[in-house]
Amino acid sequence: MSSDESVYRAPESSLARSSTGDRRSLDDAIAGRFDFQLGEVLSEAWDLTNGSKGVILGAIAISLGVNVATQAVTLLGEADDSGLLLLLGLAISLAANAVIYTINGGVFLYAIKRAAGDETASFDDVLSCFNLILPIFGLMLLSGLLTVLGFLLLVLPGIYLAVAYLLALPLKVERGLGVWECLETSRKAITRKWLKVAATTFVTGLAVALGSILTLGIGAIWLLPFGALVFGILYREIFGYDPSA
């Protein structure tokens, strides 16, 4: 089934953007030849939630289902106190994390397409990255390890890396770069506007958390997709996107 034929394809709306085919070179991104305004990013992301909620919430539901199933198996292994079951639980937990990371990569890809006005954006994107599951798992494992190490080294390096590596995963699924190249490209580009990216991340996270809590979870229906779309827009502004590439 092609993405155009998918029953999960997000409906078109008057808010859809025209795709510009603007794919910035990595050298330009690393040199900081980009800019964005926090208010404009948030406003555009909110507009784009119309037509995106079903896809992004569907992806989140799959990830939650995988996580719940994994926790059930892990608890079973702990209750049985069997070394074999504990090892099986660990293996399943690692596999589940790899699946969830890959789904997250697909959500990033979908959000980037929506931000660029690519009309092929659909639920198919969420499931399109499983051919990259091993490098994605390695990427997330390495970025997590380096970030934790940074927090152990006086905290500030960890905060820096947590923000600087934000776009490593979308670089993997959209550009197909190597694991280390994804990390370094994301870090070098974001460093040019680190405070802006950090502020965008903080405001987005705060809005999603507070909005969801204050509405007893109902607001999450809009706010979770909004959060994903913010990072799709950030990626487009920093690295660009060309649907024909």
Side-chain angles (χ1 to χ4, degrees), residues 3 6 8-10 23-24 26 29 45 48-49 52-67 69-70 92-116 118 120-147 161-187 189-190 197 200-201 204-205 208 224-243 245:
S3 57
S6 170
Y8 296 104
R9 180 177 177 182
R23 195 183 205 205
R24 184 170 289 111
L26 296 182
L48 286 173
T49 59
S52 301
K53 294 190 293 294
V55 171
I56 296 174
L57 293 175
I60 292 171
I62 293 173
S63 294
L64 287 175
V66 171
N67 189 55
T70 302
I92 291 175
S93 179
L94 291 174
N97 284 332
V99 169
I100 291 170
Y101 294 150
T102 305
I103 291 173
N104 290 344
V107 171
F108 264 122
L109 182 60
Y110 172 80
I112 293 165
K113 286 186 172 184
R114 283 286 286 153
D118 186 343
T120 67
S122 73
F123 192 83
D124 293 344
D125 296 314
V126 172
L127 305 176
S128 68
C129 302
F130 277 90
N131 61 315
L132 299 172
I133 188 168
L134 290 180
I136 285 175
F137 181 69
L139 170 65
M140 299 307 293
L141 200 62
L142 182 57
S143 65
L145 180 63
L146 291 172
T147 302
L161 290 177
V163 174
Y165 287 157
L166 279 173
L167 299 181
L169 179 55
L171 277 169
K172 183 63 187 174
V173 299
E174 199 276 314
R175 294 284 183 115
L177 305 181
V179 169
W180 185 248
E181 189 178 4
C182 287
L183 292 171
E184 281 297 277
T185 300
S186 176
R187 184 186 65 80
I190 288 178
V197 175
T200 303
T201 303
T204 302
V208 172
L224 291 176
F226 161 76
L229 290 162
V230 165
F231 292 104
I233 294 167
L234 275 182
Y235 182 93
R236 181 201 67 198
E237 293 301 303
I238 294 173
F239 295 105
Y241 173 76
D242 184 355

*asked:* Please check this pair: side chain of Arg114 against backbone of Leu48, looking for a donor-acceptor N/O pair closer than 3.5 Å.
replied: yes

*Return yes if some donor-acceptor pair links the side-chain N/O of Ser143 with the main-chain N/O of Met140 below 3.5 Å, else return no.*
yes

Below 4.5 Å, heavy atoms only, C-beta onward: do [X] and [Y] meet side chain to side chain?
X      : Y      : value
Leu94  : Phe137 : yes
Leu177 : Leu26  : yes
Thr185 : Arg175 : no
Leu132 : Thr102 : no
Asp125 : Phe108 : no
Leu229 : Ile56  : yes
Thr204 : Phe226 : yes

*Can you name the ring pair (Phe, Tyr, Trp, His ring centres under 6.0 Å) partners of Tyr165, sequence neighbours left out?*
none

Separation between [atom1] of [X] and [atom2] of [Y], rounded to the nearest 0.5 Å:
X      : Y      : atom1 : atom2 : answer
Ser52  : Leu224 : OG    : CG    : 13.0 Å
Ile190 : Leu234 : CD1   : CG    : 8.0 Å
Ser128 : Leu109 : OG    : CG    : 5.0 Å
Ile233 : Ile238 : CD1   : CD1   : 12.0 Å
Leu169 : Lys172 : CG    : NZ    : 10.0 Å

List the atom of [X], the atom of [Y], and the distance in Å for their closest heavy-atom pair.
X      : Y      : result
Val55  : Val126 : CG1-CG2, 3.8 Å
Thr70  : Ser93  : CG2-CA, 3.5 Å
Ser186 : Leu166 : OG-N, 3.8 Å
Ser63  : Ile103 : OG-CG2, 3.6 Å
Ala168 : Cys182 : O-CB, 3.6 Å
Trp180 : Leu142 : CE3-CD2, 3.9 Å

_Name the residue from Arg23, Arg24, Glu174 that meets the side chain to side chain contact (heavy atoms under 4.5 Å, CB included) definition with Asp242._
Arg23

